[in-house]
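Following: one structure in structure tokens, then a few remarks.
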Amino acid sequence: MKVLKAKEMAFADENTINLTGIPSLVLMENAGRTTAQITLDKYKDKENFVVVAGSGNNGGDALVVARYLFKAGKKVKTYILSSSRQKLSQDNLKNLEIYENIGGEVLFITEKNLRKLQFALKNADVIIDGIFGTGFKPPVKGYREKVIKIINNSKKPVVSVDIPSGLFSDSGQIEGEFIKADITITFAYPKLCHILYPASEYCGEVFVVDISIDEHYLQEIKRYILTPKNILLPKRKKNSHKYTYGHNLVIGGSVGKSGAVIMASKASTKAGAGLTTALIPQEINQVVESNLIEEMSIPVSSKDGLFSKKALGEIKNIIKKGKFSSITIGMGMSINDSTLSIIEYILKVKKPIVIDADGLNNLALIDNFKNFLKKRKYPTILTPHVGEMSRLTGLETSYINNNLEEVAKEFSKDTESIVVLKSSRVVIAYKDEVFYSIKGNEGMATAGTGDVLAGILGALVNRLEPLEAVKTGVYLHGFSGDLAVKDLGVESLKATDLIDYLPKAYFELEKKKNNLSYSLVKSLKSY
Ligand SMILES: NC(=O)C1=CN([C@@H]2O[C@H](COP(=O)(O)OP(=O)(O)OC[C@H]3O[C@@H](n4cnc5c(N)ncnc54)[C@H](O)[C@@H]3O)[C@@H](O)[C@H]2O)[C@H](O)CC1
Ligand SMILES: [K+]
């Protein structure tokens, strides 16, 4: 499913009206009517609804909602934040007239009679927020700021039409006053504010409603949310053996960080690799051997707990002689001259590689590393978190967090690699496409979860086309976290739980893929 910015939505909206020929009032009717239906379903036993409409089309949608709530026999009080009818958008005015024609009443609210709205909210069971939608640019100006504060202070449940008023559609950033919604009902596609933090936290449950927007005007938009529909599952063949499913060589670890390479290796096996071998500094061999059962291990020379100078030659030999089909490198490997030269060498290996963690920190120290990556003819997957991305690009972490998509895209272009940028959301960028994962949770902000992801990707790159492997791996990783949290809670979740829940994630994902069906209304949660 695509995820849009306001301008893109407006473009599809205009063309649907002008070229496809669906009148704007029909779109508004679809939007408002479905919003009313969802509201009535969610708040069945509630009686008193207060509708707060702005002067634009978001307010127009809210007036349609008011009409259906009124028809359903609810007590509806409707307020329009404007000084006069003349200031309303054309479709807003039309819906005001229709509402009045069926016996509905409205009150225009300005700074002067704000208290009337404040008073009405006291008796409200549910508030409908139709003040601003995609036409809003922060920050809120004028008395509407006070209205938003009053609504939030009322502590009543709020249903936001399209966007919680005061949030900016195109980013996760927040500024000034904005509505804190319990439910947000958005139209055609989610917008970035519905999925990116911190804004998305204020949207409540997000429903996406088909209002008849003609999607073929959005062909050039290649920004997606990962959903069961747009990701693939690897398949096993009856007539196969372990080499059919790849041999993932996992390189990393150092004294004190043996867990990183152990977790990546275990995740690789659980994600379905035919064989997984951990290549490690010999000083941690014993602990690795005692923790890995299905996986093999190859110790190489080490000194002071890290790969030593001699290790490079040994690694070259092992890779030349071994039948490895992918390399996953970096987890817990630390940084010294030897690890740096190992990364330099790995860049030249003619196999798919996943570079994570200290692999990336070493990479950042190599002059011209972007050119080395560009020269590679085999798939390269880079999985930096924001801190690592900062080291790789020199950009401030705050800038990266506020521009995840742009940074990931640019870095992917500069390196011709698949970039998996890990923040409170994970963004995948490759060529002209961007994929956001909406799976995962705050419980996963704990040591080792990145190592698990690297192991999963290293396994899957043997099973699917590289970008598909990354999409599937990122989804499964987040989904495992969500399934684990249901049983374990966010505080106690640890990285190895993600490995334990991978089988369930596979199983549930397959079920989701087998049950794909069209529906006018979908909750973002259901993806
Ligand atoms: N997605 C669709 O195809 C459809 C969406 N619909 C709804 O239309 C709104 C967008 O409507 P628009 O008229 O373009 O803008 P808004 O109603 O969001 O807001 C315009 C309104 O707000 C004022 N304003 C803007 N910024 C500020 C500010 N910082 N401070 C104060 N006031 C501000 C501006 O002057 C206007 O008066 C979309 O969200 C959907 O809800 C259609 O109904 C169906 C098709
Ligand atoms: K709104």
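Counting convention: from 1, in listed order, for ligands and their atoms alike. In what follows, every heavy atom counts, from backbone to side chain, and hydrogens, waters and symmetry copies are set aside.
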Lys422 bridged to Asp356 by N-O distance under 4.0 Å: yes
Pairs satisfying side chain to side chain donor-acceptor pair (under 3.5 Å), at least one member in residues 53-75, at least two apart: Glu29-Arg67, Glu29-Tyr68, Asn57-Ser89, Arg67-Asn95
Backbone or side-chain N/O/S of Ser165 under 3.4 Å of the K ion (ligand 2): yes
N, O or S atom within Asp129 nearest to the K ion (ligand 2), by name: O
Heteroatom test (N, O or S) for Gly130 near the K ion (ligand 2), limit 3.4 Å: no
Over 12 non-hydrogen atoms of neighbours within 6.0 angstrom of CD in Glu97: yes
Residues, nucleotides or ligands: over 12 heavy atoms within 6.0 Å of Glu215 CD: no
Pairs meeting criterion ring pair (Phe, Tyr, Trp, His ring centres under 6.0 Å) with involvement of residues 184-214, two or more places apart: Phe178-Tyr202
Whether Asn58 has an N, O or S atom under 3.4 Å from the K ion (ligand 2): yes
Sub-4.0 Å heavy-atom environment of ligand 1, residues by chain: Met9, Asp13, Leu27, Met28, Ser55, Gly56, Asn57, Asn58, Asp61, Phe132, Gly133, Thr134, Gly135, Phe136, Lys137, Pro139, Val140, Lys141, Asp162, Phe187, Ile211, Ile213
Any N, O or S atom of Ile131 closer than 3.4 Å to the K ion (ligand 2): no
The K ion (ligand 2) to nearest N/O/S of Ile179 below 3.4 Å: no
Heavy-atom neighbours of Tyr143 OH exceed 12 at 6.0 Å: yes
SB check Lys513 Glu510 (cutoff 4.0 Å): no
Angle subtended at the K ion (ligand 2) by Val161 O and Phe132 O, rounded to 10 degrees: 110°
Salt-bridge criterion met for Glu177 and Arg144 (N-O under 4.0 Å): no
Taking only distance into account, with no hydrogens and no angle test, what donor-acceptor pairs under 3.5 Å do side-chain atoms of residues 221-230 form with protein atoms, sequence neighbours excluded?
residue : atom : partner : partner atom : Å
Lys222  : NZ   : Asp432  : OD2          : 3.3
Arg223  : NE   : Glu405  : OE1          : 3.0
Arg223  : NE   : Glu405  : OE2          : 2.9
Arg223  : NH1  : Val3    : O            : 2.7
Arg223  : NH1  : Glu8    : OE1          : 2.9
Arg223  : NH2  : Glu8    : OE2          : 3.1
Thr227  : OG1  : Lys229  : N            : 3.4
Thr227  : OG1  : Asn230  : N            : 3.4
Asn230  : OD1  : Thr227  : N            : 2.9
Asn230  : ND2  : Ile225  : O            : 2.9

